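Down below is the structure, laid out as structure tokens.
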Amino acid sequence: MNKSNIKSLFGNDYSITILKKVFMTFFNVMITALTIRALGPELRGQYTYNMNMMALIANFLSLGIQYAYSIERKNEKVPLEDLKAKYFAVNIKVLLFYLVIGIFLFAAFYDPTFSMIYLILPFNVIAGQIGNILLIEDIKYHSLIYMLSSCIYFVLTVIVFLFFKVNLTVVMLVNLLVFLFLAVLFLYKLKNKKYLFEIDLKYLGKIIKLGFIPMITAMLKMVNYNFDTIMLKHMGVDLAKIGYYSIAVALAGYIWYIPDIFKDVSFSKSAKEKSCDNICFSMRISNALTIFVILGIVVFGKIFITVMYGKDFINAYAVSLILILGTPAMGIFNIISPVFNVVGLAKFNFNILLKSAVSNIILNLLLIPLMGIEGAALASVVSYSICGVMMTRKFVAHFELSYKDVLLINANDIKRIKNKFKRG
């Protein structure tokens with residue numbers, strides 16, 4: 001590869017973000033395969049429950065700080081360097097506070113199946129908050145660090161798989177090291193001592209208030225994504241079946257990497273630009289690629305599951321076919337919702353997700369006793385579809401567009417893609 005090609009690859013937001021997602025998808029597939037083979041269905045079910053609980057708790061503990069940053073930056077009332085310095089100081093204090101609590105909880109309430117979460121959460125929270133800020137300010141650095149973290153995660157997983165007796169504690173320890181790595185490198189990039197030794201509770205209250213609705217909205221989104229697994233366990237479904245369900249969720253997650261590519265870029269650009277052209281372009285390309293990958297899973301999914309995870313998990317194929325039906329709608333939501341947070345429609349996001357989350361919980365309560373994991377998948381498809389359809393309608397109306405402007409790929413999009421990869 002010559003210098004011109006390398007410059008093109010790292011020279012624009014789309015190419016570097018696509019490269020990041022390719023890296024993360026490849027390594028996550030391999031990590032998931034090794035972890036599943038090592039843990040087996042039952043421990044995999046428990047691990048999935050732990051990670052979903054951690055995601056929900058981490059979002060709540062974030063206090064919405066990362067969402068407040070994008071809103072304040074858009075308003076341009078505070079000089080940018082001052083704004084970054086203030087948020088760096090806030091995040092350092094939050095990290096120290098949560099770390100003290102986490103260490104206390106780990107020591108006082110030790111449980112080999114769950115307690116590692118207390119130590120992971122502080123770094124998980126900070127990596128997410130600073131990561132969101134860098135997603136706006138330096139998307140290339142953000143992408144490179146995530147690529148590097150995926151490589152490290154994979155190497156650590158291989159070492160554990162080959163040389164250790166694998167259990168939940170060891171697997172969670174690997175997660176701790178990865179989140180620690182992300183938190184340290186993200187904090188290093190944003191470092192600024194200007195407000196580090198000041199305690200401004202009034203300002204902290206302001207940004208928590210500013211980010212509260214987006215934070216609760218993100219929590220509702222996680223209910224749509226994660227709460228089905230939590231409900232499956234608490235409704236008495238066998239952990240092995242939850243392990244099968246986690247495979248379906250993993251396959252859906254690989255599809256969601258596609259809209260996530262464009263979500264990252266759209267979020268970054270929407271915080272800086274007023275035009276929605278890039279967002280529409282993102283949705284059209286994302287939709288086309290998502291449908292293509294879904295067809296691939298329908299045709300080759302059974303072979304993929306057998307090769308990657310083993311014959312013990314072949315029962316995951318049927319539930320996967322149900323769950324992936326909801327991915328296009330939720331992919332659209334993933335791209336639009338951060339934009340709505342920035343342009344002042346955070347309350348609309350909240351209302352849609354509240355309706356979707358409530359429907360998800362009610363349908364899970366009704367369908368899990370009747371259909372088990374297939375019922376949970378069907379409930380998710382319905383709730384995803386509610387989100388996608390209603391968000392698309394609002395987006396089209398707000399920006400005065402047609403549905404084909406946001407849903408259907410066209411010849412100009414192909415030319416635009418070629419131009420993006422030709423430019424440095």
Side-chain angles (χ1 to χ4, degrees), residues 10 13 16-17 20 58-102 120-149 178-218 263-274 338-339 341-344 346:
F10 291 95
D13 294 345
I16 189 65
T17 308
K20 176 188 76 173
N59 182 74
F60 177 76
L61 293 179
S62 74
L63 305 175
I65 290 171
Q66 69 268 41
Y67 308 113
Y69 179 85
S70 62
I71 298 169
E72 283 209 273
R73 193 192 193 284
K74 188 81 171 179
N75 292 338
E76 297 180 340
K77 292 181 179 179
V78 179
L80 182 57
E81 291 306 313
D82 269 12
L83 186 65
K84 289 193 283 187
K86 286 183 176 183
Y87 275 79
F88 176 78
V90 166
N91 276 286
I92 288 291
K93 297 177 181 83
V94 168
L95 172 61
L96 294 174
F97 178 70
Y98 286 158
L99 194 55
V100 169
I101 293 176
I120 298 172
L121 274 168
F123 301 107
N124 186 346
V125 170
I126 297 305
Q129 291 184 167
I130 301 295
N132 251 32
I133 293 171
L134 290 175
L135 190 59
I136 297 171
E137 302 302 343
D138 195 339
I139 194 170
K140 294 181 180 67
Y141 181 86
H142 177 275
S143 297
L144 288 170
I145 295 305
Y146 264 108
M147 285 190 283
L148 185 56
S149 73
V178 172
F179 281 115
L180 174 62
F181 171 82
L182 286 170
V184 169
L185 266 69
F186 284 160
L187 285 167
Y188 175 79
K189 181 66 175 178
L190 199 67
K191 67 182 185 300
N192 191 315
K193 298 180 180 179
K194 186 173 181 180
Y195 299 104
L196 191 56
F197 301 103
E198 296 181 14
I199 298 177
D200 189 344
L201 295 179
K202 184 177 179 181
Y203 184 69
L204 178 61
K206 173 190 171 184
I207 61 177
I208 291 174
K209 182 178 179 181
L210 201 59
F212 180 76
I213 294 297
M215 183 269 288
I216 296 297
T217 302
K263 177 197 73 175
D264 290 352
V265 178
S266 296
F267 177 68
S268 178
K269 290 184 179 294
S270 64
K272 302 173 186 177
E273 303 172 0
K274 298 188 182 297
V339 177
N341 285 338
V342 173
V343 300

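All values derive from a computational prediction rather than experimental measurement. If you read the sequence from its start, that first residue is 1, and numbering goes on from there.
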How long is the gap from [atom1] on [X] to [atom2] on [Y], to the nearest 0.5 Å?
X      : Y      : atom1 : atom2 : answer
Ile133 : His142 : CD1   : NE2   : 11.0 Å
Leu180 : Ile126 : CG    : CD1   : 12.0 Å
Leu99  : Phe123 : CG    : CZ    : 4.5 Å

### Message
Restricting to ring pair (Phe, Tyr, Trp, His ring centres under 6.0 Å), what partner residues turn up for Tyr69, sequence neighbours left out?
### Response
Tyr87

### Passing candidate, side-chain contact (heavy atoms from CB on, under 4.5 Å) with Met215, options Asn59, Leu63, Ile208
Asn59

#### Entry: Residue list, side-chain hydrogen bond (donor to acceptor under 3.5 Å, both in side chains) with Lys209, at least two apart or on another chain
none

### Query
Sequence neighbours excluded, which residues qualify as side-chain hydrogen bond (donor to acceptor under 3.5 Å, both in side chains) partners of Asn124?
none

Once side-chain contact (heavy atoms from CB on, under 4.5 Å) is applied, do any residues pair with [X], and if so which ones, sequence neighbours excluded?
X      : answer
Lys86  : Tyr195, Tyr203
Leu210 : Ala68, Ile71, Glu72
Ile145 : Tyr141, Phe181, Leu182, Leu185, Phe186
Phe97  : Ile101

### Message
Any non-hydrogen side-chain atom of Phe179 less than 4.5 Å from a side-chain atom of Leu121?
### Response
no

### Query
Going through the checks in order, is the side-chain contact (heavy atoms from CB on, under 4.5 Å) test met by Ile213 and Tyr67?
CA-CA 9 Å; Ile213 294 297; Tyr67 308 113; over 6 Å; no

### Query
By salt bridge (charged side-chain N to carboxylate O under 4.0 Å, His left out), which residues pair with Lys191, not counting sequence neighbours?
none

### Task
Just jot down the salt bridge (charged side-chain N to carboxylate O under 4.0 Å, His left out) partners of Lys189, sequence neighbours excluded, or say none.
Asp138

